[in-house]
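Okay, structure first, notes after.
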Amino acid sequence: MMEYYLWLLQLMGAANPKSQEIIQRYGSPKAVYDAVYSGDGKRFLSPSETKRLRGVSIENSQRILDICEKEDIKIVTIFDREYPQSLINIYNPPFLLFYKGDISCLNNEICISAVGTRDMTEYTMKVTKRTCSDLAKLGVTMISGMANGVDHTVHKAAVDAGGKTVGVLACGMAVDYPRGSMAFREEMYRLGGACISELLPTERPSRAYFAARNRLISGLGTGVIVFQAGMKSGALITANHAVNQGKDLFCIPPADLFSANYCGVVGLLRDGAIPLFNYLDVVNYYFSDFTDKLDELNQKFKISYDKPFVFRESNTPKTGGSSADDARTSGERAAARFDFESREPEIKIIYDYLLENGTQQLEEITDRCGISPEDISLYLIDMEIEGLIEAKAGNNYCIKK
């Protein structure tokens, strides 16, 4: 039966709303196949689809299945139990999804989608990493589009935090896009995440595919966060889908109200998007979904909660310090309160190195501190969360100012 699904995808193309209509009319892809070749079904095809009919076949479908088997790509149909239930009721749901990894998190976990520009500012990078890391540690599955910029930062923050993340591709599953991303995808799979695509496995990315996949990004999330968007940002397409799908739309307040980098976000906030100041705003908004995680919240984040469940971060800096405290940076004050002895020794090594040498590049920290590239990001994320250091543009780090 899968051969007929693949035949229909070849014929109609991905993201074609007519696919669902023709399946519903005839009952199954096999019935569509029979109807088309008996003549009746052809009347529903456009001229371009009729022309494409000459180049599709069940034999091609078998070749696609062979590629999937070779690349360990799995396929799920809209009628399968494993299909992401959040997509079923959106406009134009894919009747077929290709995936690698574990997509059960899309049905069994709280999912939040997060998007933004490829050309993000230092402020956006910092806020994205912190917010997505905290949500991932809490057990939220982070959804984004696997592009460079904000998308990659969302996925990497989740992975570095040991959490789950799902990437929605604008290309086929067998295509290495962005170039060099295959190894990172494997890390996502190892942690229980996945990548999905509605496109045939070897399909190259295109502008149309990027626009179409945005409806899936918003559809998969209970809510959608926009971290940064200019006037023509693709993130605004995702935001528009979120509104049309009845999803909750969150926006990070801009670093500069008058900057072109944030004019798209300003517009969304003006139109009623929910301001998001940290991950606790998500927790509070979906509190009923987190009730079974309160003990985990308290242990991992040291959050105190009290009726009516007002969350407060316990590591908020106190005011009224001495003049000596005032002379120190925020990171140095955090270090004075931080229990280095109970944590991994690498954290103290990194802190001392940055304290002595100032802002340093990621590769330099890795080499000088003798820490493996696989582990360094985990330590740096932890140190950012504790307020010891801060990330700068270009993979640079320094003691928090």
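Just so we're clear, the structure is a prediction, and the values are computed from it rather than from any experiment.
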Seminar exercise, completed: So CD1 of Ile376 and CD1 of Ile371: to nearest 0.5 Å the spacing works out to 4.0 Å

For this session: Could you tell me whether Gln85 atom CD has more than 12 heavy atoms of other residues or ligands within 6.0 Å of it?
Result: yes

For this session: Measure the spacing between CD1 of Ile23 and CE of Met12 and express it to the nearest 0.5 Å.
Result: 9.0 Å

Exercise. Does any N or O in the side chain of Arg213 come within less than 3.5 Å of the main-chain N or O of Ser197, such that one atom is a donor and the other an acceptor?
Worked result: no

Problem set entry | Enclosure of Met182 CE (heavy-atom neighbours >12, cutoff 6.0 Å) | yes

Problem set entry | Heavy atoms from other residues, nucleotides or ligands near CZ of Arg43 exceed 12 (cutoff 6.0 Å) | yes

Exercise. Taking the side chain from Glu356 and the backbone from Asp352, do they hold a donor-acceptor pair closer than 3.5 Å?
Worked result: no

Exercise. When rounded to the nearest 0.5 angstrom, what distance separates CG in Leu199 from CE in Met173?
Worked result: 10.5 Å

For this session: Could you walk me through whether Thr121 and Tyr262 pass the side-chain hydrogen bond (donor to acceptor under 3.5 Å, both in side chains) test, one step at a time?
Result: CA-CA 10 Å; Thr121 65; Tyr262 302 100; 2.6 Å; yes

Exercise. Taking the six-membered ring of Phe210 as reference, does the NZ or CZ atom of Arg118 fall below 6.0 Å from its centre and within a 45° cone about the axis?
Worked result: yes

Exercise. Cut-off 3.5 Å, side chains only: do Thr124 and Gln228 have a donor facing an acceptor?
Worked result: yes

For this session: Check the side chains of Glu364 and Asn357 for a donor-acceptor pair under 3.5 angstrom, ignoring hydrogens and angles.
Result: no

For this session: Answer whether the closest heavy-atom distance between the side chains of Leu135 and Ile225 falls below 4.5 Å.
Result: yes

Exercise. Can you say whether the rings of Tyr33 and Trp7 are parallel (under 30°), tilted (30 to 60°) or perpendicular (over 60°)?
Worked result: perpendicular

Problem set entry | Heavy-atom closest contact (Ile90 atom, Gly219 atom, distance) | CG2-CA, 4.1 Å

Problem set entry | Candidates His155, Glu187, Lys156 - the one meeting side chain to side chain donor-acceptor pair (under 3.5 Å) with Thr165 | His155

For this session: Give a yes or no on whether the backbone of Asn278 and the side-chain of Asp281 come within a donor-acceptor separation of less than 3.5 Å.
Result: yes

Problem set entry | Rounded distance (nearest 0.5 Å) linking atom CE of Met383 with atom CD1 of Ile350 | 5.5 Å

Exercise. Hey, is the main chain of Thr128 close enough, under 3.5 Å, to the side chain of Thr131 for a donor-acceptor pair?
Worked result: no

Exercise. Are any side-chain N or O atoms of Glu203 and backbone N or O atoms of Leu200, one a donor and one an acceptor, separated by less than 3.5 Å?
Worked result: no

Exercise. Going through the distances and angles, do Asn261 and Thr117 end up as a side-chain contact (heavy atoms from CB on, under 4.5 Å)?
Worked result: CA-CA 9 Å; Asn261 292 321; Thr117 181; over 6 Å; no

Exercise. Considering residues at least two apart in sequence or located in another chain, which fulfil the ring pair (Phe, Tyr, Trp, His ring centres under 6.0 Å) criterion with Tyr353?
Worked result: none

Exercise. Taking Ser218 for the side chain and Asn214 for the main chain, is one N or O donor matched with an acceptor at less than 3.5 Å?
Worked result: yes

For this session: Would you mind reporting whether Tyr83 and Ile103 have side-chain heavy atoms less than 4.5 Å apart?
Result: no

For this session: Compare all side-chain heavy atoms of Leu8 with those of Phe95 and state whether any distance is below 4.5 angstrom.
Result: yes

Seminar exercise, completed: CZ (Phe98) and CG (Leu169) are apart, to the nearest 0.5 Å, by 12.0 Å

For this session: Write down the atom of Glu386, the atom of Ala334, and the distance for their closest heavy-atom approach.
Result: O-CB, 3.8 Å

Exercise. What are the two closest non-hydrogen atoms of Arg185 and Met146, and how far apart are they?
Worked result: CG-CE, 3.8 Å

Exercise. Given side chains that start at C-beta, do those of Leu380 and Leu362 come closer than 4.5 Å, heavy atoms only?
Worked result: yes

For this session: Might you work through the side-chain contact (heavy atoms from CB on, under 4.5 Å) test for Tyr286 and Ile112, ending with a clear yes or no?
Result: CA-CA 11 Å; Tyr286 301 116; Ile112 296 293; 3.9 Å; yes

For this session: Could you tell me whether the side chain of Asp176 and the main chain of Ser181 form a donor-acceptor pair under 3.5 Å?
Result: yes

For this session: Kindly give the heavy-atom pair with the smallest separation between Phe340 and Ile347, and that separation in Å.
Result: CE2-CG2, 3.9 Å

Exercise. Counting distance only, does the side-chain N/O of Asp80 pair as donor-acceptor with the main-chain N or O of Thr77 below 3.5 Å?
Worked result: yes

Problem set entry | Salt bridge Lys126-Glu390, side-chain N to carboxylate O under 4.0 Å | yes

For this session: Any chance you could lay out the side-chain contact (heavy atoms from CB on, under 4.5 Å) test for Ser61 and Gln10, step after step, and finish with the verdict?
Result: CA-CA 8 Å; Ser61 295; Gln10 294 173 72; 3.0 Å; yes

Exercise. Between Ser57 and Asn60, is there a donor-acceptor pair closer than 3.5 Å when you use the side chain of the first and the backbone of the second?
Worked result: yes

Problem set entry | Non-hydrogen atoms of Glu71 and Lys100 that approach each other most closely | O-NZ, 3.0 Å

Exercise. Taking atom types as modelled, is there a side-chain donor on Ser104 or Asp102 under 3.5 Å from an acceptor on the other?
Worked result: yes

Problem set entry | Neighbour count above 12 (heavy atom, 6.0 Å) for Asp34 CG | yes

Problem set entry | Backbone N/O of Gly145 and side chain of Asp151: donor-acceptor pair under 3.5 Å | yes

Problem set entry | Nearest heavy atoms of Ile217 and Ser113, plus distance in Å | O-OG, 2.5 Å

Problem set entry | Min side-chain heavy-atom separation Arg130-Asp134 under 4.5 Å | yes

Problem set entry | pair Tyr379-Ile349: side-chain heavy atoms closer than 4.5 Å | no

For this session: Report yes if the side chains of Cys398 and Leu354 come closer than 4.5 Å at any heavy-atom pair, otherwise no.
Result: no

For this session: Please examine the side chains of Cys111 and Leu220, heavy atoms only from C-beta on, and report whether any two atoms are closer than 4.5 Å.
Result: no

Exercise. Can you tell me if NZ on Lys232 sees more than 12 non-hydrogen neighbours from other groups inside 6.0 Å?
Worked result: no

Exercise. What's the spacing between Arg52 CZ and Thr50 OG1 if we round to 0.5 Å?
Worked result: 9.5 Å

Exercise. Taking atom CZ of Arg368 as the centre, does the number of heavy atoms from other residues, nucleotides or ligands within less than 6.0 Å exceed 12?
Worked result: no

Exercise. Is the centre of the Phe338 ring less than 6.0 Å from the centre of the Tyr351 ring?
Worked result: no

For this session: Quick one: list whatever passes salt bridge (Lys or Arg N to Asp or Glu O under 4.0 Å) with Lys74, sequence neighbours left out.
Result: Asp72

Exercise. Can Phe227 and Val127 be said to form a side-chain contact (heavy atoms from CB on, under 4.5 Å), step by step?
Worked result: CA-CA 8 Å; Phe227 281 101; Val127 174; 4.2 Å; yes

